[in-house]
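Start at 1 and go down the list; that is how both ligands and their atoms are numbered. Because the structure is predicted, anything quoted here is derived from the model rather than measured.
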Amino acid sequence: MHARTITTVGRPSTRISTGEGVKRSFPLSRVYGLLEPGPVVLVTTARKGRANIMTMSWHTMIDFEPPIVGCVISDRSMTFDLLKATKECVINIPTVELAAAVVGCGNSSGRSVDKFRAFRLTPATALRVGPPLIADCYANLECRVVDTRMTARYNLFILEVLKAWIDPSRKRPKTIHHLGRGAFMVAGRTILLPSKMR
Ligand SMILES: Cc1cc2nc3c(=O)[nH]c(=O)nc-3n(C[C@H](O)[C@H](O)[C@H](O)COP(=O)(O)O)c2cc1C
């Protein structure tokens, strides 16, 4: 394949001609919406019998088995404090029917709101960790923190999934994916292609 010559058009750094058309510059502050990493999830944490829920979209798979997941959780959130102290959480995967609750849990803090009550979500006892599952969600991953070496610098927690649950009655769960600035993509068509990735 031949490398294409890229020439800037007009004011440098605002547009480039790629040979396949013109591309415009995109703000760095919005790049996260291009690299959306997966479904928006609800993280439950708990301490002293009180449970909290936080909406999260900055998470990534790190290893297959045991499943290891990296999560960026702001140190201004209550979830950060609870996760740091207890080292346990549940990653709950909601579907589009719960979209209003997802946004609500992301726009309020457990410091002043009981989110289970406010957003009418149902707690259920987990098997391996203290925080509750959200019964209304399609899937639930019980996790423990296994590495905090990058927490101080990047607010990054490394989690191991100890136990996973899914609702077998839902064959095509319509998860939601954050594109930034209040825009969400709803999971759609599944296509099957030959792939070496297991
Ligand atoms: C769609 C969406 C995605 C979000 N993703 C994250 C995230 O990945 N990490 C994070 O720290 N906060 C994220 N937030 C913001 C938190 O959910 C928000 O700060 C919340 O109020 C924290 O709640 P808490 O104080 O009860 O823990 C997101 C919010 C929304 C609406």
Quick one: does [X]'s side chain have a donor or acceptor within less than 3.5 Å of a partner on [Y]'s backbone?
X	Y	result
Lys87	Val145	no
Ser25	Thr14	no
Asp136	Leu98	no
Asn92	Ile134	yes
Lys171	Pro168	yes

Residues Thr44 and Asn52: side-chain donor-acceptor under 3.5 angstrom: no
Donor-acceptor pair between Glu97 and Thr95 side chains, under 3.5 angstrom: yes
Please list the nearest protein heavy atom to [atom] with its residue and the distance rounded to 0.1 Å.
atom	value
atom 9 (N) of ligand 1	Val72 O, 2.9 Å
atom 10 (C) of ligand 1	Met54 CE, 3.5 Å
atom 18 (C) of ligand 1	Gly106 O, 3.2 Å
atom 5 (N) of ligand 1	Ser57 N, 3.0 Å
atom 8 (O) of ligand 1	Trp58 N, 2.8 Å

Minimal non-hydrogen separation, Cys143 against Val129, with atom names: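 Minimum heavy-atom contact is O-CG1, 3.6 Å.
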Do any nitrogen or oxygen atoms of Gly110 lie less than 3.5 angstrom from nitrogen or oxygen atoms of ligand 1? yes
Under 3.5 Å between any N/O of Val40 and any N/O of ligand 1: does that happen in this structure?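 No, Val40 has no N/O under 3.5 Å of an N/O on ligand 1.
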Out of curiosity, is Cys71 lining ligand 1, as in a heavy atom under 4.0 Å away?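 So Cys71 does not count as touching ligand 1.
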Selection from Gly104, Ser108, Ser109, Ala183 by shortest heavy-atom distance to atom 20 (C) of ligand 1: Ser108
Run down the list Ile53, Thr55, Val41 and name the one with the heavy atom closest to atom 28 (C) of ligand 1.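 Nearest option to atom 28 (C) of ligand 1, by heavy atoms: Thr55.
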Under-4.0 Å heavy-atom contact with ligand 1, by part of His178 that carries it: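 It is the side chain that gets close, since no backbone atom is under 4.0 Å.
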Which part of Lys115 is near ligand 1, with near meaning a heavy atom under 4.0 Å away: side chain, backbone, both or neither? side chain
List ligand 1 atoms under 4.0 Å from [X], heavy atoms only on the residue side.
X	result
Ile73	11 (O)
Thr79	24 (P), 27 (O)
Ser74	10 (C), 11 (O)
Phe184	1 (C)
Asn52	24 (P), 26 (O), 27 (O)

Answer yes or no: is there an ion pair linking Glu160 with Arg128, defined by an N-O contact shorter than 4.0 Å? no
Can we say Asp81 and Arg76 salt-bridge, meaning some charged N sits less than 4.0 Å from an Asp/Glu carboxylate O? no
Please report the C-alpha distance between Ser57 and His59 in whole Å, then the side-chain angles of each, then the deciding distance to 0.1 Å, and finally whether the side-chain hydrogen bond (donor to acceptor under 3.5 Å, both in side chains) criterion is met. CA-CA 6 Å; Ser57 58; His59 52 80; over 6 Å; no
